[in-house]
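Scroll down for the structure; my scribbles are underneath it.
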Amino acid sequence: MKVNTSDDSLSSLNDSTGSLNRSYNDISEQENGIFVVVRSRPLSTKENKASEPSIVSFPGSGRILIDGLQSIIGGSNGPKTKLFSFNVVFEPLATQEDVFQYSGIKKLIEMAAEGFNTTCFCYGQTGSGKTHTLTGPPGMFFNRRIEPFSKDHGLVFRSFMYLFRLVQQRQDLHFVLKASFLEIYNEKVIDLLNPGTVRKPLDVRWSRKARNFYVDNLFMVDCEELDDLQAVLEEGMKNRTVGSHNMNECSSRSHTMLTVYITSEQQMSEDGVFITKQGKINFVDLAGSEMTKKTMSEGKTLAEANNINKSLMVLGYCIASLSDPKKRNGHIPYRDSKLTKLLSDSLAGTGVTLMIACVSPAKSNASETISTLRYAARAKKIKTKPVIVMDPREALIVTLRREVEALQNENDHLRKALDITKATSATISNVKMPPNMDMDRLIQMDPKELVDLVKHYANENEALRRENAELFNSRDLLQRDHEIVCRENERLLKKLEDVNSACIRSPIIPARGQYIDKTETIPTKTQYNIHTKNNTSAERDKRELPETYQREIDIKGIGRTYGISNILGSLKNREKTSSSSKKPSTKQTSTTPRMPIDRPPPSPVNGRPYGIDEGLNSAASTLASIISRQAFDIPRKSRDSLDEYDDDDDDDDGDDDDGDEGHRPSSGGGDRDSVFSGGGGRRSLPDIGTAGGGDGVRRTRRDSVGGRGVPAAAGKQGAPAQTAAAAAVHRDPFGSPVTPKVYNGFRRRAAAAAAVANAPG
Ligand SMILES: Nc1ncnc2c1ncn2[C@@H]1O[C@H](COP(=O)(O)OP(=O)(O)OP(=O)(O)O)[C@@H](O)[C@H]1O
């Protein structure tokens, strides 16, 4: 096993697709940790000769175990072993191709081609194999022709080949490749492609626009072919500063950074919108940290070593700060070295970074190996948020176009919801679509034209936003209206309930339609004409009611608000309640009938529909019934026979309704269809006394019919003089005083009707 990987590495940089079809959206929104892999070189010839033991072993799953540490760290009390875990660990026998395949560099290149800033950097002690990993063994580029398919090629050349393959696959994208190569030697930036005779250092500046550091006047080479990139690599490698010391004969004395800039133009839509993405990949070969005692550096090499160590130390501080969540948002000392300035975006900005930590397996390098692995473990905790780099103008246009699309969809949706047709929408819409653009010309457009274009989109967005806001308002208004109507309905229902309960208590409006057919004396609806459908006016209702009844209605407040027609509803409802209460029962609980508004017609009562006219008849007949009984003193028996049609329960205690609106069974039996017993009495209209039966107690009529207490006919125990005198006043069915002759006529007819009703069979 030459390569071992952790499970999570598969979901990170190692899931290269081999193409550029990945959607960048799913990458750009999330934070990525720096991808860290470790490569252990084999023991060198020198180390083998010295029979140095290897202290490194590989338990698998991306772990690396360092053994035999007791004498090195913490003395005899220190830990014997140390285990580290990384995304991928390359064992000493891993080849250059293995590193290329499994380090994640392929995905890095794909992302660079898609517009991300990516960085691959090698870190480790001197002689650990950084340059070997990136570019191959020493001397590869000196005085000999590079074999394109050499197994020694490092990641850089393999990446070039991979990149060109990708570029050739995507014929729909137009790529422009450029490359630069610099080194940071003794804290000076030197252009390796244009070093000049004096190796004049270049300035590192801060770009406000791009918000990162850049090297001023760095030479960039156009690379149309793979050969061009290869030439850049060769040239830079030849120009970089190398030196020799005790640990590495061909030691890099500087940090190098080879950058390939990848600009891609991609057609985004049918109407010819092109967007340009600018990705890049940095290959950074850091100079190795070295213990000057071990390397036995002196003079120039010592100064180089000090500078190298200093910049690596600053890099270490930055990594430590960035990996600590508490310090991450604080000050990061990027400006303390040129190296950290140029790596700032890769470490904590918008880039994607791969760190390759190179270690030596030799026991003599144990402390450096531990130090490198600790460094790498810290770097693994650093998070970056990769974003695609685009031309700001084009990015703006693309963003605006997307916004327009989203708003347009929202607009359509709102129109559908509000049921606004296309025809009407044309009149409502204020949106003026931007003129047709020749987007092919986008690249050649001068800034003024581009500004106009952006303005068009911005205006369109604004108009759509405004219109959508209006549509949202309309929708809200409709919803509010709907709520108001619902609330009004509720209120009306409540009022109806109140009216209905008042009707239930009312002595004058019991419901029974048939009664009218049984007595001659009952005025017909044509006479009263109270509750016709067309007669809704309260004035009219008042005018056509007899004065005495109207007074009762006024006292009770019935129909004050809604007119008589509402009483009709209550009558109907009472009818229903009555019919439902016909079942023999013990005491029934009160239920306030609800009057529905705008509901289907009421269901048939007693097998036939109960119409409004019947309600009218019922009311009228009940009024007549009261009048008959009271005015003519019809014998109780006869009255009872008449009452058999009355649906209301009687209350023989003569008390007012106690609020319980439920129906009570009559004292003479539970069946409400049977003739009520003499002990029965109205709940709301206390009996005025019995002429020929009942409890024989003289009672004073308490209902308001007639306007004042009308004394009942004398009972067994005799009546007070005042009551008898009052009884002597003769009144017609409407309560008006009449002559004795007329009165007797009424009385006779009523008695005859009662006798007919009472006759057996
Ligand atoms: N994986 C490897 N397989 C075989 N040889 C290796 C490997 N890694 C390194 N070497 C050899 O070890 C020596 C030192 O390697 P290299 O120069 O790459 O180290 P370095 O880390 O770049 O050192 P420095 O920091 O001093 O530049 C070279 O001769 C190189 O060929």
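Order of listing sets the numbers, starting from 1, for every ligand and every atom in it. One-based numbering along the sequence shown. The figures here come from the full heavy-atom set of this structure, side chains too, leaving out hydrogens, waters and symmetry mates.
Considering backbone and side-chain N/O of S252, one or more are found under 3.5 Å from N/O of ligand 1. On a distance-only criterion, G127 and ligand 1 share at least one N/O pair closer than 3.5 Å. Note: an N/O pair closer than 3.5 Å links S128 and ligand 1 by distance alone. At a 3.5 angstrom cut-off on N or O pairs, L286 does not count as close to ligand 1.
Using bins of under 30°, 30° to 60° and over 60° for the plane-to-plane angle, the ring pair Y375/Y123 lands in the parallel bin.
Only one option out of E97, Q96, H153 pairs with R158 in a side-chain hydrogen bond (donor to acceptor under 3.5 Å, both in side chains); it is E97.
In this structure, L108 and V352 have side chains that are in contact, with non-hydrogen atoms separated by less than 4.5 Å. Residues L65 and V56 have side chains not in contact (no heavy-atom distance under 4.5 Å, counting atoms from C-beta outward). Within the 4.5 Å cutoff, the side chain of T372 has no heavy atoms near those of the S360 side chain. The shortest side-chain heavy-atom distance between Y334 and V314 does not fall under the 4.5 Å cut-off. Looking at F84 and R374, their side chains come closer than 4.5 Å, going by heavy atoms from C-beta outward.
Not one N or O on the side chain of S252 forms a donor-acceptor pair closer than 3.5 Å with the backbone of S254.
Which parts of ligand 1 touch R39 is read off a 4.0 Å heavy-atom cut-off, strictly below it: atoms 1 (N). In summary, the atoms of ligand 1 found under 4.0 Å from a heavy atom of G288, numbered by their order in the structure, are 25 (O). Close approach of ligand 1 to K130 is summarised as follows: ligand atoms under 4.0 Å from at least one heavy atom of the residue are 18 (O), 19 (O), 20 (P), 21 (O), 22 (O), 23 (O), 24 (P), 25 (O). Counting the atoms of ligand 1 from 1 in the order shown, those under 4.0 Å from a heavy atom of Q125 are 21 (O).
Using a 4.0 angstrom heavy-atom cutoff, Q96 does not count as in contact with ligand 1. For the pair P42 and ligand 1, a heavy-atom separation below 4.0 Å is found.
The protein heavy atom nearest to atom 9 (C) of ligand 1 is G129 CA, 3.3 Å. Protein heavy atom in closest approach to atom 17 (O) of ligand 1: N248 ND2, 3.1 Å. The nearest protein atom to atom 22 (O) of ligand 1, hydrogens excluded, is given as T131 OG1, 2.8 Å; this is a heavy-atom distance. The protein atom (non-hydrogen) at minimum distance from atom 28 (C) of ligand 1 is P138 CD, 3.9 Å. Nearest protein heavy-atom contact of atom 5 (N) of ligand 1 is H132 CE1, 3.6 Å.
If you look at A94 next to ligand 1, there are no close heavy atoms at all, none under 4.0 Å.
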### Task
Please report the C-alpha distance between D285 and T131 in whole Å, then the side-chain angles of each, then the deciding distance to 0.1 Å, and finally whether the side chain to side chain donor-acceptor pair (under 3.5 Å) criterion is met.
CA-CA 6 Å; D285 183 7; T131 310; 2.8 Å; yes
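For atom 13 (C) of ligand 1, the protein comes within 4.0 Å by no heavy atom at all.
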